[in-house]
There are 2 protein chains.
Amino acid sequence: MGITRSDLFTDKQNEFAQLAKVFGHPARLAILEFILKSNSCICGDLVEELGLAQSTISQHLKELKNAGIIKGNIEGASVCYCINEEKWYEMKLIFNELFDRYPNSKDCC
Amino acid sequence: MGITRSDLFTDKQNEFAQLAKVFGHPARLAILEFILKSNSCICGDLVEELGLAQSTISQHLKELKNAGIIKGNIEGASVCYCINEEKWYEMKLIFNELFDRYPNSKDCC
DNA sequence: ACTATTCATCGTAATATTGCAATATAAAGT
DNA sequence: ACTTTATATTGCAATATTACGATGAATAGT
């Protein structure tokens with residue numbers, strides 16, 4: 001039904017999924033990679049860089065910001081976005097906590 | 001329009017997003033965690049464990065399998081699923097490649 | 001052969017996501 | 001004040017995802 005049964009899962013699972021979902025779109029990855037590359041911050045160069053409409057980019061930025069992955073600083077008429085350091089490390093930790101849970105032992109079915 | 005403009009992004013970005021999307025649902029995380037915990041393999045205990053309909057679980061398993069994260073072995077009437085070791089390490093690598101790209105330097109806007 | 005069990009697939013309904021144009025807001029320059 | 005520039009928000013339309021019941025296929029036990 002398009003609706004996720006969040007009630008069936010733990011908070012951790014729901015939060016993890018929410019985070020992973022942000023990575024689940026190439027535009028948002030491209031935005032992140034652009035920010036990582038430009039090192040310093042950015043605003044709406046993304047529009048010409050990515051080839052998506054301005055409103056679409058803005059929407060993706062909003063989701064990245066809501067997830068806490070980036071933060072934006074108003075800088076005159078424009079907004080400068082950059083990685084949110086704390087969240088970035090938290091994510092790295094959370095994902096690796098999952099990745100490192102395998103393998104416990106070896107053989108399988 | 002609900003359709004992703006994959007043509008605008010690199011293969012790597014599209015593939016990464018595709019992978020991340022699989023983690024973007026708590027049911028699939030719960031399935032993975034159950035497999036990780038049970039260490040050995042599983043089949044349809046997931047249905048009673050998670051509380052979702054059998055067809056729903058099956059669908060999620062299919063997506064996990066399509067992404068290559070798990071693999072299934074037919075075992076009589078039932079199917080035993082387990083982590084796909086290679087893919088698991090590949091994912092760990094890919095995600096950490098991204099995570100480790102920050103920080104290059106320090107100050108931001 | 002018949003039945004029960006296990007899983008996959010199909011069809012469908014409800015909701016979410018993606019994308020864009022149009023419009024709104026807000027600061028900066030003139 | 002007026003215009004330009006930069007970004008956010010709103011209102012769609014198209015497509016994707018999630019979930020379930022019903023049905024199908026395959027094996028195991030009787």
Side-chain angles (χ1 to χ4, degrees), chain A residues 1-9 13-14 17-31 34-35 38 41-67 70-82 109, chain B residues 1-9 13-14 17-31 34-35 38 41-67 70-82 109:
Chain A
M1 308 161 174
I3 192 170
T4 292
R5 295 285 308 273
S6 334
D7 56 302
L8 294 176
F9 311 105
Q13 285 165 342
N14 284 317
Q18 207 59 39
L19 254 182
K21 200 181 280 185
V22 179
F23 285 113
H25 194 289
R28 290 190 287 268
L29 292 176
I31 288 173
F34 188 86
I35 296 182
S38 309
C41 316
I42 308 106
C43 44
D45 329 76
L46 290 163
V47 176
E48 40 176 322
E49 177 75 10
L50 300 197
L52 285 168
Q54 181 268 321
S55 55
T56 307
I57 300 279
S58 187
Q59 214 172 183
H60 283 305
L61 283 168
K62 190 180 176 184
E63 285 177 71
L64 283 162
K65 215 171 74 177
N66 282 346
I70 62 174
K71 47 187 174 180
N73 269 310
I74 299 174
E75 205 145 280
S78 61
V79 176
C80 171
Y81 286 101
C82 57
C109 33
Chain B
M1 307 161 176
I3 192 171
T4 292
R5 294 284 310 273
S6 336
D7 56 301
L8 294 177
F9 311 106
Q13 286 165 341
N14 285 316
Q18 207 59 38
L19 254 183
K21 202 180 280 185
V22 179
F23 285 114
H25 194 288
R28 290 191 286 269
L29 291 176
I31 289 173
F34 188 87
I35 297 182
S38 310
C41 317
I42 308 106
C43 44
D45 329 75
L46 290 164
V47 176
E48 41 177 322
E49 178 74 10
L50 300 198
L52 285 167
Q54 182 267 320
S55 55
T56 306
I57 300 279
S58 189
Q59 214 173 181
H60 284 304
L61 283 168
K62 191 180 175 184
E63 285 176 72
L64 283 162
K65 216 171 72 177
N66 283 346
I70 62 174
K71 46 187 174 181
N73 269 310
I74 299 173
E75 205 144 280
S78 61
V79 177
C80 172
Y81 286 101
C82 56
C109 33

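What you see is a predicted model; the values in this text were computed from it and never measured. Below, read A as the first sequence line, B as the second, and so on, with proteins coming before strands; counting in each chain starts at 1.
For the pair A/I3 and A/S55, nearest-nucleotide mapping onto DNA chain C gives the more 5' position to A/I3. Along DNA chain D, the nucleotide closest to A/L8 and the one closest to B/Q18 are compared, and the more 5′ of them pairs with B/Q18.
Between A/Y81 and D/dA8 there is a side-chain N or O to OP1 or OP2 distance below 4.0 Å. Put simply, B/S58 has a side-chain N or O that comes within less than 4.0 Å of OP1 or OP2 on C/dA8. One finds a side-chain N or O of B/K21 lying less than 4.0 angstrom from the OP1 or OP2 phosphate oxygen of D/dT17. At the phosphate of C/dC7, neither OP1 nor OP2 sits under 4.0 Å from any side-chain N or O atom of B/K62.
Between A/E48 atom CD and D/dT7 atom C1' there is a gap of 15 Å when expressed in whole angstrom units. Atoms CD (A/Q54) and P (D/dA8) sit 7 Å apart, rounded to a whole Å. To the nearest angstrom, C1' of C/dG19 lies 9 Å from NE2 of A/H25. Atom CG in B/L61 sits about 10 Å away from atom C1' in C/dC7, given to the nearest Å. Between A/I74 atom CD1 and D/dT7 atom P the separation is 11 Å, expressed in whole Å. Distance B/E49 CD to C/dC7 C1': 18 Å, rounded to the nearest Å. Look at CD on A/E63: it is 8 Å from C1' on C/dT17, rounded to the nearest Å. Per the geometry, NE2 belonging to A/H60 stands 16 Å off C1' belonging to D/dT7, to the nearest Å.
At a cut-off of 3.5 angstrom, counting only N and O atoms as typed in the model, there is no donor on one side facing an acceptor on the other between the side-chain of A/Q59 and the base of D/dA8.
Counting any heavy atom pair closer than 4.0 Å across all strands shown, B/T56 reaches a base atom.
When each of D/dT7, D/dA19, D/dT5 is scored by its nearest atom to the side-chain atoms of A/T4, the top-ranked nucleotide is D/dA19. Between C/dT5, D/dA8, C/dA28, one nucleotide has an atom nearer to the side chain of A/V79 than all others, and that is D/dA8. Considering only side-chain atoms of B/R5, the nucleotide from C/dC7, C/dA8, C/dC20 that sits closest is C/dC20.
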#### Entry: Trace of the side chain to side chain contact (heavy atoms under 4.5 Å, CB included) decision for B/L8 with B/R5
CA-CA 6 Å; B/L8 294 177; B/R5 294 284 310 273; 3.6 Å; yes
### Task
Using the side chain to side chain contact (heavy atoms under 4.5 Å, CB included) rule, take B/L52 and B/V47 through it: C-alpha gap first, then chi angles, then the decisive distance, then the call.
CA-CA 6 Å; B/L52 285 167; B/V47 176; over 6 Å; no
### Query
For B/F23 and A/K21, what are the C-alpha separation, side-chain angles and deciding distance, and is it a side chain to side chain contact (heavy atoms under 4.5 Å, CB included)?
CA-CA 7 Å; B/F23 285 114; A/K21 200 181 280 185; over 6 Å; no
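Within the 4.5 Å cutoff, the side chain of A/F34 has no heavy atoms near those of the A/L50 side chain. B/V79 is not listed as a side-chain neighbour of B/L61, based on a closest heavy-atom distance of 4.5 Å or more.
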